[in-house]
K.L.:
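What follows is a structure written as structure tokens; I'll ask about it next.
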Amino acid sequence: MSEEDIISLFYAKSHLESYEILLPLARKGNKVANYFIGNMLISPIDQTVESNVIKGIRFLKGSARAGYSPALEFLGNLYAYSEKVKDDIVRAHTLFYLASIIENRVDIGYHLIIEDEFEISEGEANKSKEAAKYCMEVGLENCAILAE
């Protein structure tokens with residue numbers, strides 16, 4: 001199933017129907033299916049899927065370990081802005097910076113908004129960037145911030 005097919009499915013069916021179709025794909029490692037399963041578990045739009053933040057984060061991390069930048073951005077938003085998880089601005093910054101590296105847009109990424117909005121120190125920002133670069137070196141599947 002292509003990325004476009006999965007996106008269409010997500011918006012065309014109830015979340016429960018989409019969940020049931022995408023779950024086997026997610027379990028096989030499909031990064032887009034993992035992203036949408038995580039999305040549905042954390043922020044169910046139509047209330048047909050029961051919210052489960054911990055399980056949702058697990059699926060999002062699976063997607064992120066496969067290099068899907070929207071999953072990294074979703075996780076970054078959770079740690080920066082959501083009441084569903086404990087705030088961790090430096091973690092959010094690292095996740096956003098990873099997404100910007102993957103998208104080849106480090107000069108315009110969300111990490112810059114985090115730096116300005118939350119006024120993280122230059123030292124914290126540099127430490128976060130080094131952690132992200134290390135994750136890229138060792139592979140996202142071996143990245144500590146994305147471990148289950």
Side-chain angles (χ1 to χ4, degrees), residues 1-118 125 128-148:
M1 187 175 285
S2 73
E3 181 173 7
E4 293 80 20
D5 292 338
I6 292 172
I7 293 169
S8 295
L9 175 68
F10 177 77
Y11 290 107
K13 303 224 179 245
S14 77
H15 277 186
L16 183 58
E17 291 175 280
S18 299
Y19 184 89
E20 290 171 348
I21 294 167
L22 295 178
L23 188 58
L25 291 174
R27 288 186 174 149
K28 290 180 182 174
N30 182 296
K31 64 185 179 183
V32 181
N34 268 288
Y35 170 78
F36 281 103
I37 291 288
N39 186 314
M40 286 185 267
L41 289 168
I42 292 171
S43 302
I45 294 172
D46 65 7
Q47 307 306 314
T48 59
V49 174
E50 187 176 333
S51 180
N52 185 326
V53 175
I54 293 170
K55 194 172 176 183
I57 289 172
R58 199 173 309 133
F59 279 100
L60 286 171
K61 285 182 175 181
S63 179
R65 284 191 301 272
Y68 196 57
S69 60
L72 290 160
E73 291 173 352
F74 193 111
L75 287 164
N77 276 307
L78 279 175
Y79 288 106
Y81 302 108
S82 179
E83 295 176 4
K84 296 179 182 195
V85 298
K86 185 179 178 206
D87 290 349
D88 188 337
I89 301 307
V90 175
R91 177 183 292 246
H93 184 275
T94 304
L95 293 162
F96 284 133
Y97 195 73
L98 275 168
S100 71
I101 291 171
I102 290 169
E103 296 292 325
N104 197 26
R105 55 179 173 87
V106 294
D107 294 335
I108 59 170
Y110 290 118
H111 63 284
L112 297 172
I113 295 169
I114 295 294
E115 289 174 19
D116 290 340
E117 184 175 345
F118 294 97
S128 171
K129 290 175 184 177
E130 290 304 315
K133 290 175 186 174
Y134 180 75
C135 284
M136 295 302 291
E137 287 174 19
V138 299
L140 293 174
E141 65 279 356
N142 300 312
C143 179
I145 200 169
L146 299 175
E148 289 192 41

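Bear in mind that the values here come from a model prediction, so they are computed numbers and not experimental data. FYI, the numbering just counts along the sequence from 1.
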K.L.:
Is the backbone N or O of V106 less than 3.5 Å from a side-chain atom of H111, with the two atoms forming a donor-acceptor pair by type?
P.N.:
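Yes, the answer is positive, given that a donor and an acceptor are paired below the 3.5 Å cut-off.
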K.L.:
Quick one: side-chain hydrogen bond (donor to acceptor under 3.5 Å, both in side chains) partners of D5, sequence neighbours excluded?
P.N.:
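Result, side-chain hydrogen bond (donor to acceptor under 3.5 Å, both in side chains) vs D5: S2.
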K.L.:
Do F10 and N39 touch side chain to side chain, with heavy atoms closer than 4.5 Å?
P.N.:
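Yes, at least one pair of side-chain atoms sits under 4.5 Å.
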K.L.:
Drop me the distance from K13's NZ to L22's CG, to the nearest 0.5 angstrom.
P.N.:
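The distance works out to 11.0 Å.
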K.L.:
Nearest 0.5 angstrom please: L112 CG to D107 CG, how far?
P.N.:
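Answer rounded to 0.5 Å: 7.5 Å.
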K.L.:
Could I get the full list of side-chain hydrogen bond (donor to acceptor under 3.5 Å, both in side chains) partners for S63, not counting sequence neighbours?
P.N.:
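Not a single residue meets the side-chain hydrogen bond (donor to acceptor under 3.5 Å, both in side chains) criterion with S63.
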K.L.:
In the structure I gave you, are the side-chain heavy atoms of M40 and I37 within less than 4.5 Å of one another anywhere?
P.N.:
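The answer is yes, as the side chains (C-beta and beyond) meet within the 4.5 Å cut-off.
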K.L.:
Taking salt bridge (charged side-chain N to carboxylate O under 4.0 Å, His left out) as the definition, give me every residue that meets it alongside D88, ordered by chain and number, with sequence neighbours left out.
P.N.:
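Here the qualifying residues are R91.
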K.L.:
May I have all residue pairs that pass salt bridge (charged side-chain N to carboxylate O under 4.0 Å, His left out) and include part of residues 50-63, sequence neighbours excluded?
P.N.:
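Qualifying pairs: R58-E148.
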K.L.:
Using atom types as modelled, flag every donor-acceptor pair under 3.5 Å from a side chain in residues 66-83 to any protein atom, sequence neighbours excluded.
P.N.:
| from | atom 1 | to | atom 2 | distance (Å) |
| --- | --- | --- | --- | --- |
| Y68 | OH | E3 | OE2 | 2.7 |
| S69 | OG | E103 | OE2 | 2.4 |
| E73 | OE2 | R105 | NH2 | 2.3 |
| N77 | ND2 | E73 | O | 3.1 |
| Y81 | OH | E117 | OE1 | 2.8 |
| S82 | OG | K84 | N | 2.9 |

K.L.:
With a 4.5 Å limit on heavy-atom distance, are the side chains of F59 and L23 in contact?
P.N.:
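Yes - at least one pair of side-chain heavy atoms lies under 4.5 Å apart.
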K.L.:
Residues two or more places apart in sequence or in another chain: which of them pass side chain to side chain contact (heavy atoms under 4.5 Å, CB included) with D46?
P.N.:
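Listed in chain order: S14, H15, T48.
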K.L.:
Nearest 0.5 Å, what's the CD1-CZ distance between I89 and F96?
P.N.:
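CZ of F96 is found 9.0 Å from CD1 of I89.
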K.L.:
Applying salt bridge (charged side-chain N to carboxylate O under 4.0 Å, His left out), which residue pairs with at least one partner in residues 131-145 are found, sequence neighbours left out?
P.N.:
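Residue pairs passing salt bridge (charged side-chain N to carboxylate O under 4.0 Å, His left out), neighbours aside: E130-K133.
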K.L.:
Report yes or no: does N30 contribute a side-chain atom to a donor-acceptor pair with the main-chain N or O of A26 at less than 3.5 Å?
P.N.:
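No; judged by distance alone, with no hydrogens or angles, the pair does not exist.
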K.L.:
Any non-hydrogen side-chain atom of C135 less than 4.5 Å from a side-chain atom of L98?
P.N.:
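When only atoms from C-beta onward are counted, L98 and C135 do touch, with a gap below 4.5 Å.
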K.L.:
If you round to the nearest 0.5 Å, how far is CZ of F36 from CG of L25?
P.N.:
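L25 CG to F36 CZ: 12.5 Å, rounded to 0.5 Å.
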K.L.:
If I take atom CD from residue E115 and atom NZ from residue K129, how far apart are they, to the nearest 0.5 angstrom?
P.N.:
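It is 4.5 Å, given to the nearest 0.5 Å.
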K.L.:
Identify the residue among V85, N52, I54, L60 that makes a side chain to side chain contact (heavy atoms under 4.5 Å, CB included) with I42.
P.N.:
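Result: among V85, N52, I54, L60, L60 is the only option passing the side chain to side chain contact (heavy atoms under 4.5 Å, CB included) with I42.
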